[in-house]
> 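Below: one structure in structure tokens.
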Amino acid sequence: VYFKNVTEFFKAAWRHPQSACPTMEHVYKVVNSEQTITRYNEYQASVESRGQFRRAGRQAGKESRRFHGTRRQCLLVDPGSIEFCSSPACALCYLLKTSFDISTLTAAAGPPRTRFGRGIYCTSTSSKAFDYSFSQAGSPFRFIILASVIIGRGYKSIQGDPSLIAPPAVFDSVLDEVGGSLNYDETVRYSSDGILPVYLILYR
């Protein structure tokens, strides 16, 4: 069931008119550790207690689904390949093992996205995440992570600030909105507490 739902969500979020939406091959559900899930749920409850988003008909903590593109140095999740690699430059393996631990993920992901500083960048636009997804081990497949993200009170901006290491005071995330030099949205988180990998989408 989730293959159909995730595929439809991915296709609906493909917004680059000049690029054809790729063919989905597999959708894997990410199994997170109990500790990671507990940390996420506690953070979600904390953000919800401050923002009371459910009263406005939102998900608790203003939880949303966002796409994240990164790179891999191995063939993990290609058909028949189930072993994590040991390469310190393989962002996919680091992400799945640490659940967006920013201290390791940003080092493994290569040159950082610096528009809003050192953070975890994701988007509601699957075709934008596609631009940041790279397989560097000769695989014919590419991949994207679909994550649950606690947006909470988002700081909206169309002007970048590379000096940020956290959202401005009283905010929970940064929302890089369309306008200025940006054609498609980004959501930036500065800790792993409020982002959880849920599905890994494999496509050609």
> ring-ring contact (aromatic ring centres under 6.0 Å, His included): which pairs involve residues 73-92, sequence neighbours left out?
none

> Checking the side chain of His68 only, and the main-chain atoms of Ile144 only, is there a donor and an acceptor separated by less than 3.5 Å?
no

> Report the residues that fulfil side chain to side chain donor-acceptor pair (under 3.5 Å) with Asn183, sequence neighbours left out, ordered by chain and then residue number.
none

> For Phe143, check ring-ring contact (aromatic ring centres under 6.0 Å, His included) against everything at least two apart and list the hits.
none

> Identify all side-chain donor-acceptor contacts of residues 159-175 below 3.5 Å with residues at least two apart in sequence or on another chain.
from, atom 1, to, atom 2, distance (Å)
Asp161, OD1, Ser163, N, 3.2
Asp161, OD1, Ser163, OG, 2.6
Asp172, OD1, Arg50, NH2, 2.4
Asp172, OD2, Arg153, N, 2.8
Ser173, OG, Ile151, O, 2.8

> Got Thr70 and Tyr94 here, is their nearest side-chain heavy-atom distance under 4.5 Å?
no

> Would you say the side chain of Tyr132 lies within less than 4.5 Å of the side chain of Tyr121, judging by non-hydrogen atoms?
no

> The criterion is side chain to side chain donor-acceptor pair (under 3.5 Å); which residues satisfy it with Ser81, sequence neighbours excluded?
none

> So, using side chain to side chain donor-acceptor pair (under 3.5 Å) as the criterion, who are the partners of Gln73 when residues are at least two apart?
Gln136

> Could you tell me whether a side-chain N or O of Ser126 sits under 3.5 Å from a main-chain N or O of Ala13, the two making a donor and an acceptor?
yes

> Taking the side chain as every heavy atom from C-beta outward, state whether Lys128 and Leu182 have any atom pair closer than 4.5 Å.
yes

> Residues in salt bridge (Lys or Arg N to Asp or Glu O under 4.0 Å) with Lys156, at least two apart?
none

> Can a donor-acceptor pair be found, under 3.5 Å and without considering hydrogens, that links the side chain of Thr38 to the backbone of Gln35?
no

> Apply salt bridge (Lys or Arg N to Asp or Glu O under 4.0 Å) to Arg142 and list each qualifying residue two or more places apart in sequence or on a separate chain.
none

> Within the 4.5 Å heavy-atom criterion, are Val30 and Val198 side-chain neighbours or not?
no

> I want to check something: taking the side chain as every heavy atom from C-beta on, are Phe116 and Tyr190 in contact at a cut-off of under 4.5 Å?
yes

> Counting distance only, does the side-chain N/O of Gln44 pair as donor-acceptor with the main-chain N or O of Ile150 below 3.5 Å?
no

> Salt bridge between Glu25 and Arg204, side-chain N to carboxylate O under 4.0 Å?
yes

> With sequence neighbours excluded, tell me which residues meet side-chain contact (heavy atoms from CB on, under 4.5 Å) with Arg55.
Gln52

> Do Arg72 and Cys85 have side-chain heavy atoms sitting under 4.5 Å apart?
no

> Could you pull out all residues at least two apart from Glu177 that satisfy side chain to side chain donor-acceptor pair (under 3.5 Å)?
none

> Do the non-hydrogen side-chain atoms of Val27 and Leu146 ever get within less than 4.5 Å of each other?
no

> For Ser127, give me all partners under side-chain contact (heavy atoms from CB on, under 4.5 Å), at least two apart in sequence or on another chain.
Trp14, Arg15, His16, Thr125

> Below 3.5 Å, can you tabulate the donor-acceptor pairs from side chains in residues 59-66 to any protein atom, sequence neighbours excluded?
from, atom 1, to, atom 2, distance (Å)
Glu63, OE2, Tyr40, OH, 2.6
Arg65, NE, Ser148, OG, 3.1
Arg66, NE, Thr187, OG1, 3.4

